[in-house]
There are 2 protein chains.
Amino acid sequence: MTSPASEDQAQAKVARYQIGEVADRTGVTQRTLRFYEEKGLLRPPERMDGGFRLYSDDDVQRIEYIRQLQQYLGFTLAEIKEMVEAEDLRQQIISTFRPDRELPARLERVTRIIGALERQLEVVDHKVEALQEMQGDLRAKLDRVTTRRHELEEAIAEEQSQKKS
Amino acid sequence: MTSPASEDQAQAKVARYQIGEVADRTGVTQRTLRFYEEKGLLRPPERMDGGFRLYSDDDVQRIEYIRQLQQYLGFTLAEIKEMVEAEDLRQQIISTFRPDRELPARLERVTRIIGALERQLEVVDHKVEALQEMQGDLRAKLDRVTTRRHELEEAIAEEQSQKKS
DNA sequence: AACAACAGTGACGTACACGTTAAAGATGCG
DNA sequence: CGCATCTTTAACGTGTACGTCACTGTTGTT
């Protein structure tokens, strides 16, 4: 019974996926998954005996999060790395849940997380603002041009009716 | 009097800037300005006799617009090119302001502009939505973590007062 | 006219974000 | 057990968005 000191929680059904399946599920390539790991965006997943990567549902969620940040929001991988590192810190604190002792250390980590979150929020707020301004501009332009189309349509209709007469 | 058919509007004070000044004003490098021109993001500006580029206020505005799209909104230059091309079409229509004849052609151009604007709006709407969701998530996380900080602070304060007693 | 400072055009270099082989080992299935 | 399929690492290739020379030509100042 010399188990390597792990897996004691009732491991009911912690699903694990190989890289191929994760790639299919998330829509990113295997290469990209390894790349993200290399760059520190993903924590090194477990491995099976042969060395194959085994991803958890958490990992899958995180990959989807990364893609969101990248594709829809235009963050660079470096920025995303900072953001997910903060996320990691949060996870650590949650798992390190011995509710007393080392309170000052815990306080400090929490404070750092708050700082990171605040910085992220600032960036996001700024982007939202810029985008909403754009949205307004675009809508205004669209309105004006749509009006012009109506005018043109009417002008053409008039021309047609004049030809007929 | 065989002028090459141009410049008849009272050209009161159309300011022109050389590339260096434009670079300073907009914060982009000269190299980038030439690059944008090469890629079709900026219309080729006027030149003076020696070949130096002369930018207008319109050009400067456009450069700032491009930077907004790129930096805050995460559009690629290819996407931006599409967007500013639509803008160009609008300008052309405004300048080509002979109010009758060729009405169907004008209608078609207007319709194309509307299509482009609608596509842009769709993209922007999507991004705004994604960002606002993020914003909510971040705020929620921040709330939770801030609560935890208060708890920790109180716990520490308690510990302190116990030491004193 | 001389001269520094600025601007022009290539051409090559670079950082990011992956894609694409290539070669070798691991797994699943009949 | 054999064999196709999958996964591994390593190395090189690619497109985007510029940066960095290097060298030539242009402008403003004295």
Side-chain angles (χ1 to χ4, degrees), chain A residues 15-56 59-60 62-85 123 127, chain B residues 15-56 59-60 62-85 123 127:
Chain A
R16 299 286 128 137
Y17 318 99
Q18 290 187 224
I19 195 168
E21 194 174 348
V22 173
D24 288 349
R25 291 169 89 101
T26 62
V28 312
T29 68
Q30 301 182 15
R31 172 67 179 108
T32 300
L33 290 173
R34 299 193 192 99
F35 178 73
Y36 285 172
E37 186 183 333
E38 203 180 306
K39 292 288 171 178
L41 292 175
L42 295 176
R43 296 159 306 175
E46 297 174 42
R47 303 286 187 127
M48 40 195 216
D49 293 355
F52 288 19
R53 286 171 177 79
L54 285 176
Y55 294 91
S56 68
D59 293 328
V60 173
R62 179 145 165 179
I63 292 155
E64 281 160 357
Y65 180 56
I66 291 173
R67 287 264 115 176
Q68 282 262 330
L69 290 177
Q70 201 204 3
Q71 299 202 305
Y72 297 133
L73 309 180
F75 289 105
T76 70
L77 290 193
E79 291 171 318
I80 293 172
K81 189 182 173 186
E82 265 200 60
M83 300 173 87
V84 297
E85 271 169 359
V123 174
K127 288 205 183 202
Chain B
R16 299 288 129 135
Y17 318 99
Q18 289 185 224
I19 195 168
E21 194 174 348
V22 173
D24 289 349
R25 290 169 89 102
T26 61
V28 312
T29 68
Q30 301 183 14
R31 172 70 179 100
T32 300
L33 291 174
R34 299 193 192 100
F35 179 72
Y36 285 172
E37 185 183 333
E38 202 182 308
K39 292 288 170 177
L41 293 175
L42 296 176
R43 295 160 305 175
E46 296 173 41
R47 304 283 188 129
M48 39 195 216
D49 293 355
F52 288 19
R53 287 170 177 77
L54 285 177
Y55 294 91
S56 68
D59 293 327
V60 172
R62 179 144 166 180
I63 292 154
E64 282 160 357
Y65 179 57
I66 290 173
R67 287 264 116 176
Q68 282 262 331
L69 290 177
Q70 201 202 4
Q71 299 203 305
Y72 297 134
L73 309 181
F75 289 105
T76 70
L77 292 194
E79 291 171 317
I80 294 172
K81 189 181 172 186
E82 266 199 60
M83 300 173 88
V84 296
E85 273 171 357
V123 174
K127 290 206 184 202

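We name chains A, B, ... by the order of the sequence lines, and we start the count at 1 in each one. In this text the structure is predicted, and so the values were computed from the model without any measurement.
Atom CD in A/Q70 sits roughly 7 Å away from atom P in C/dA17 (whole-Å rounding). Rounded to a whole Å, the CD1 atom of A/I66 is 14 Å from the C1' atom of C/dC18. Rounded to a whole Å, the NZ atom of A/K81 is 11 Å from the P atom of C/dC16. With rounding to whole Å, A/K39 atom NZ is found 7 Å from C/dC16 atom P.
For the residue pair A/R62 and A/L41, the shortest heavy atom distance occurs at NH2-O, 3.0 Å. Considering every non-hydrogen atom in both A/S56 and A/Y17, the closest pair reads C-CE1, 4.2 Å. Scanning all heavy atoms of the two residues, the minimum distance from B/A23 to B/L33 falls at N-CD1, 4.0 Å.
Looking at heavy atoms from C-beta onward, B/Q18 lies in side-chain contact with B/L54 at the 4.5 angstrom threshold. The side-chain heavy atoms of B/M83 and B/I66, taken from C-beta on, include no pair separated by under 4.5 Å. Using a 4.5 Å heavy-atom threshold, the side chains of B/I80 and B/Y65 count as separate. A/D59 has its side chain out of reach of A/V22: every pair of non-hydrogen atoms, C-beta onward, lies at least 4.5 Å apart. Between B/T32 and B/R67 there is a side-chain heavy-atom pair separated by less than 4.5 Å.
Contact check, A/Y36 against C/dA17: no side-chain N or O comes under 4.0 Å of OP1 or OP2.
Residues A/G20 and B/F75 both approach DNA chain D. Their nearest nucleotides, taken by heavy-atom distance, put A/G20 toward the 5′ side.
You can see that DNA chain D meets the heavy atoms of chain B within a 4.0 Å-exclusive cut from D/dA17 to D/dT27, reading 5' to 3'.
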Quick one, give me the B/S/- string for nucleotides 24-30 of chain C, reading 5' to 3', where B means a protein heavy atom under 4.0 Å from the base and S means that only happens at the primed atoms, P, OP1 or OP2.
-BSS---
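Contacts between residues 24-35 of chain A and DNA chain C, defined by a heavy-atom separation below 4.0 Å, involve A/T29, A/R31, A/T32, A/F35, listed by number.
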Report the C-alpha distance between A/I19 and A/E37 in whole Å, list the side-chain angles of each, state the deciding distance to 0.1 Å, and finish with yes or no for side-chain contact (heavy atoms from CB on, under 4.5 Å).
CA-CA 12 Å; A/I19 195 168; A/E37 186 183 333; over 6 Å; no
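To the nearest 0.5 angstrom, B/K81 atom NZ is 15.0 Å from B/L69 atom CG.
Comment: B/K127 does not engage B/E79 in a salt bridge, judged by the lack of any side-chain N to carboxylate O separation of less than 4.0 angstrom.
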